[in-house]
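Each residue takes its place number in the sequence, starting with 1.
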Amino acid sequence: MSSQKIETGHQDVVHDVSMDYYGKRIATASSDTTIQIISVSGSSHQHIATLSGHQGPVWQVAWAHPKFGSMLASCSYDGRVIIWKDGTKPARWSQAHVFTDHKSSVNSIAWAPHDLGLCLACGSSDGNISVFTARADGSWDTTRIDQAHPVGVTSISWAPSMAAGALVGSGLLDPVQKLASGGFDNTVKVWKLYNGSWKMDCFPALQMHSECVRDVAWAPNLGLPKSTIASASQDGTVVIWTVAKEGDQWKGKVLNDFKTPVWRVSWSLAGNILAVADESNNVTLWKEAVNGEWQQVTTVQVQP
C-alpha cells in the first residue's frame, strides 16, 4: 500500500480529513480555525482554497453527495455549522448557510444518505443533536433531539437508508431514517424518525465503554438482515454492536482493546472491513471471519 505526504498548510493540529465522492479533493479541518481544500491526482496534489469563517478550532468536515453540487459542511468549537458551496468564479468557495442553533462546541456532523435528500445531522457539547434538511426554496427545516446525551454529544453516524433485510424479503422498501450517536456519558444510542420527530430506538442505551465514546460508525448493510455499528472509546476499546432484525436488542462485542484511546472508526463501502485509528498513530484494518470473530487484516503505516 503506497502512501504520499501532503502538506496541508495548516498552522495548528489537523483534526479531520475528508475525501470527496470521486476521490479528487480532500478537505482538512484544523485548530487554526481554517479548512483547506486540496486537489489530488495520482501522486501529485495542489492547494485549491482556504476557507475562513469559524472562530474556533474546526473539528470535522463532510462532503455532500455530488448530486447536490459541490458542497462541504464544517463544524467548530465556536458552536457554528457552516455549509460551503463551490461556485464557478475564481474566488469560488462561499458560505451558503450558517447554522447557529447550538450554544456550545459542535463536535460531529454527518450528511444523510443522499436518497433522503440534502440532510445534515450535528452533535454538540450542549447535549443536543440537530438535523437540518434543505427545502426546494433554499430554506432549511430543523428537527432536534434535545438532551440526546446530556453531558455532550461526541459523534453521530447515519444508518443506511435501505432497511435491514430489504434485499431478502424481510424488510420494508421505504427508506429509513436512523442515527447512531456517541457521548461523553460513555453510551451509544440509536434514534429513529417517527412521524417527523426523533425517538430513541434502543432500550436501554448501549453501554459497554467505561469512558467517553469518541466515534460511532454505522456499517453499510447493502440490504442484508444484520445492522452493525462500531464505537470507539477513550477507554481503548472498539465495540461492534449488532442487531439481527428490527425490534430486537442490540448486542455488543469487543473487537479489541488497543490499550490507548481510539479516535476514529470507518467502514469500507461494502461494510466488511473496519478501519481503526488510535492515539498511538496506528491505523489497523479488521475483518469479520466466518466464525464471527474479528481478525486484524493489516496495519497501515502512518508517516510521522
[X] and [Y]: which non-hydrogen atoms are nearest, and at how many Å?
X: T143; Y: G196; result: CG2-O, 3.8 Å
X: I82; Y: Q95; result: CG2-CG, 3.8 Å
X: Q36; Y: G9; result: NE2-O, 4.3 Å

Starting at CZ of R214, measure out to CG of D235 and round the result to the nearest 0.5 Å.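 CG of D235 is found 11.0 Å from CZ of R214.
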Do [X] and [Y] have side-chain heavy atoms sitting under 4.5 Å apart?
X: W59; Y: T154; value: no
X: W84; Y: S94; value: no
X: V131; Y: W158; value: yes

Report whether L285 and V239 are members of the same hydrophobic cluster (ILVMFWY, side-chain heavy atoms less than 4.5 Å apart, transitive linking).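 Hydrophobic grouping puts L285 apart from V239.
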Does the side chain to side chain donor-acceptor pair (under 3.5 Å) test come out yes or no for D126 and H102, once each step is laid out? CA-CA 7 Å; D126 64 13; H102 292 284; 3.0 Å; yes
Tell me, with the steps shown, if S74 and R80 meet side chain to side chain donor-acceptor pair (under 3.5 Å). CA-CA 8 Å; S74 61; R80 298 194 297 168; over 6 Å; no
Regarding [X] and [Y], do their side chains bring together a donor and an acceptor under 3.5 Å, going by distance alone?
X: D12; Y: S30; answer: no
X: H209; Y: N186; answer: no
X: N272; Y: E288; answer: no

Pairwise ring-ring contact (aromatic ring centres under 6.0 Å, His included) hits with a residue in residues 17-38, at least two apart: Y21-H65
Do F68 and W111 make the cut of ring centroids closer than 6.0 angstrom? no
Could you check, using the six-membered ring where one of them is a Trp, whether W218 and W250 have ring centers closer than 6.0 angstrom?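 So the answer is yes for these two rings.
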Looking at residues at least two apart in the chain, or sitting in another chain, which of them share a side-chain contact (heavy atoms from CB on, under 4.5 Å) with K253? E293
Backbone N or O of Q55 within a donor-acceptor pair of the T33 side chain at under 3.5 Å?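 No: the side chain of T33 does not pair with the backbone of Q55.
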